[in-house]
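Below, chain A is the first sequence line, B the second, and so on; all start at residue 1.
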Amino acid sequence: MMSEAKRMHPAATIFNFIAMIKDVLIPAVIGSFALIRNIDAPSWVWALVILGLLLAIIGFSFLSWYRFTYRIEGEELRIESGIFIRKKRYISKNRIQSIDLTAGVIHRIFRLVKVEVQTAGSDNAAEAGLKAVSRKEGELLREALKRAKAEATAETEESSGVEEPKMVAQRTIGVKRLLLAATTSGGIGVFLSLFAVVGSQINQIIPDGFFTNVYNWAIHLSIVLLLVFILLVCVVVWLMAVAGTLLRYSFFSIRKYEKELFITRGLLEKKQVTVPLNRIQGIRIQENIFRQPLGYAAVYVEVAGGALDKNDDFSIALFPLLKRTEIQSFVQEYLPGIQIEDRWGLLPTRSARRFVLRSTIPVVVIAAPLLYFFPSYSWMALIVIAAAAVLGYLRFRDAGFILTEKQLSFRSRMLSRETIVVDRKRIQSLSTSNHWFQRRKSLQTVYFSIASHSGVGKSFLVKDMENKDAEAIRDWYSFHSQ
Amino acid sequence: MRQPPENYIAKEAVKVWRITALIPTVILWIVLIVLTFLAGKFSIPVWVVLVAWAVMAVDTYVTGFLIPAIKWRRWRYQVFEQEIDIQHGILIIKRTLVPMIRVQHVDTKQGPLLKRFKLATVTISTAATTHEIPALLEEEASALRDKISQLARVDEDDV
C-alpha cells in the first residue's frame, strides 16, 4: 500500500519554525529579560545575535522536517523522527481511536492538513501528529488507517466492509443560530483569565511607577466614570468572546454514519472530528446563564479515549446551540440509545437551607473584614451576599435526578445548569456519602464516574439528596441487590 | 441505612497510620521543647508556651490516636461475585460500589512501613477511578487481588 517512507510537505518546516519560536525562543527571551536589559552592547551585536539564532532555528526546523518520515507498513503506522535522538513510533492500526484532520490558516494557503492520530493511551498530546501533509494525502492516510479496522470488523459482521459508509443524518448550523450562540457564549471567563495571564507576564516589562500612577488616577475618578470604564472592559471582553465562538463554530456541521459521528467546524481553522459511537459515554446539556432564560442549550458528548478537543474540557460539542424543545428529537436522531426525559426527582425542601448556606458562607467570610474596614461600601457587599444566596437557592432548585431502567440523569448547577445523561453500563463506579450534618437530616450525596480522556475519568454529583432516593440509586446500580 | 460491608482491614493498620501521623508531630514536639527552653531569651510570655503545649497535646491525641482508631473502625469492604463494596471516612462516610465488569486491573503495593508490618494495599482501577483497600495482611491482600482479577475476567463489555 504505502510502504515506502514519506516526508511531510516541506511547508512543515514553517510549522516547526513557528513551534520552535514559540516553545524555545520566546520563553527564553522572557525568562532572561532582566539579564538582557542589563547587558550593554551596540545594536549591531544584537542584530547579529538575533540573525544567528534565527538561522539556527531555521536550520533545526528544516532538519527536523527532513528527519521526520512516516509510512504505513503492514498493520502499522510507523513514524521516525528526531535530529540527535532518533525516535521510532509504531502504532498498530487497530489501536487507533480516531484520526483528525485540521487545517489552520497557513495550512489552507498551501492546501494542507494536519493529521492527528489518537489512541486510547495515556498520552495527552496526540500520539502521532503529522504537522503538514497535502489534503489529498491526509485523506488517503485516513482511509488507509481506517480500512484495516473496517476489514477486521467485516469478518465478524457480514457486511461487505470497505465501501463508503452510509450517512444517516446531517445537520448544520444556520447563521441566526450561530450569531445567537456567539452572543450568548459566556466565554467571558476564558478571556478574563487570559487577561490575567498576560497581565502577570507584562508586569516585568512595564515601569515600576506605572501602577501607582494608574491607581492614583483611578482613585481620583468618580465612581461613575469607574463603572463606565468597567462596563467598557466588559463589552470589549464580550466582543472577543463572540469572535472566539464565531471562529470556533462557523460552518458547524454534524453528520451521522452507522458507527460514527463526523463533526466539522471552524472558520480559520477547519477541524474535522470523528467520534466512534461506541466510545460515547454520555451526553451533557449545558444551559449557561445567558441561554437558559432564552430556552437554549449546548449539547456535548463525553467520549472515552484520546484527547479530542482540549478546549471543550474533553467533551465534544454535538451541537453548539439547540432550543431546549429540540434536544429530545436531536438526541433521538443522533444517539438513539439515549433517552432525554423530563420527570425530575428533586431534592427535599430541607436541603434548601444547606445549599443557600453553602454558597453564602464563603462570601460572608470574605466580605466581613471588608465590611468592617470599609463600612461605606457595605451596600456592595450586601448585594454580593444576596446574589450568592440567590445562586445557592437556584442550585438547590435545579439539582435533581432521573432514574429509569437503564439510564441515570443528574442535573446540577455551578453557574450554568448542567444535565448529564448516562447509561448504567457506562458508569464506572458509584458512591454515596454523608457527613454528620447530612446524617442528622437524612440526606446523602451521590456521585458517579465515567471514563473520559486518558484514563482519568469525570465524576458528577448531586448533593443533599433524600436518603431513600440515594439508596434507590445505589440499589439500581448494585448487582447484589437484584 | 443498610448494612455496612462485612470485612475489616488489618488491625495493624492503626499502628501504621499512627506512625505516619506521629512523624511530623514528633518534629513539632522537638521544635516546641527547644522553644520552651529559649522562651526566656525571646521574652515569650509563659501563657503562650502553655497554650502551645496544650494545643500540641490535643493534636497528638487526635491525629495520633483518635483518628487512626476511628478510621480503622469505619474502614470496611466486601467483595461479591459481581461487585466490590467499600466504605470509609471519618467525618464523611463514603460508600462506593465498583462492578466487577468495570475493573480494569488490580494491584497490590507496599511501602516500607507497610512492609515492616507485613501489610499491603490493594488498588482497584476502573477506566475512570482508582479505589484502595489499605493495609491488609500480605497474604490476604494477594488472595484478594487474585480473586478480584479472576472475577473481573468476565465478558468484556465495551468501555
If you look at every heavy atom in [X] and [Y], which pair is closest and at what distance?
{"X": "Asp85(B)", "Y": "Arg474(A)", "result": "OD2-NH2, 2.9 Å"}
{"X": "Pro99(B)", "Y": "Gln428(A)", "result": "CD-O, 3.5 Å"}
{"X": "Ala451(A)", "Y": "Ala127(B)", "result": "CB-CB, 3.8 Å"}
{"X": "Arg439(A)", "Y": "Leu91(B)", "result": "NH2-O, 3.8 Å"}
{"X": "Ser431(A)", "Y": "Thr96(B)", "result": "OG-OG1, 2.8 Å"}
{"X": "Phe479(A)", "Y": "Gln82(B)", "result": "CB-OE1, 3.3 Å"}

For the [atom1] atom of [X] and the [atom2] atom of [Y], what is their distance to the nearest 0.5 Å?
{"X": "Leu430(A)", "Y": "Glu83(B)", "atom1": "CG", "atom2": "CD", "value": "10.0 Å"}
{"X": "Thr445(A)", "Y": "Lys94(B)", "atom1": "OG1", "atom2": "NZ", "value": "9.5 Å"}
{"X": "Lys425(A)", "Y": "Arg102(B)", "atom1": "NZ", "atom2": "CZ", "value": "8.5 Å"}
{"X": "Leu97(B)", "Y": "Asp475(A)", "atom1": "CG", "atom2": "CG", "value": "9.0 Å"}
{"X": "Thr432(A)", "Y": "Gln87(B)", "atom1": "OG1", "atom2": "CD", "value": "9.0 Å"}
{"X": "Ser429(A)", "Y": "Ile86(B)", "atom1": "OG", "atom2": "CD1", "value": "9.0 Å"}

Within a 6.0 Å radius of atom [atom1] on [X], are there more than 12 heavy atoms belonging to other residues, nucleotides or ligands?
{"X": "Arg350(A)", "atom1": "CZ", "result": "yes"}
{"X": "Lys15(B)", "atom1": "NZ", "result": "no"}
{"X": "Lys463(A)", "atom1": "NZ", "result": "no"}

Contact origin within Phe437(A) toward chain B - heavy atom pairs under 4.5 Å
neither

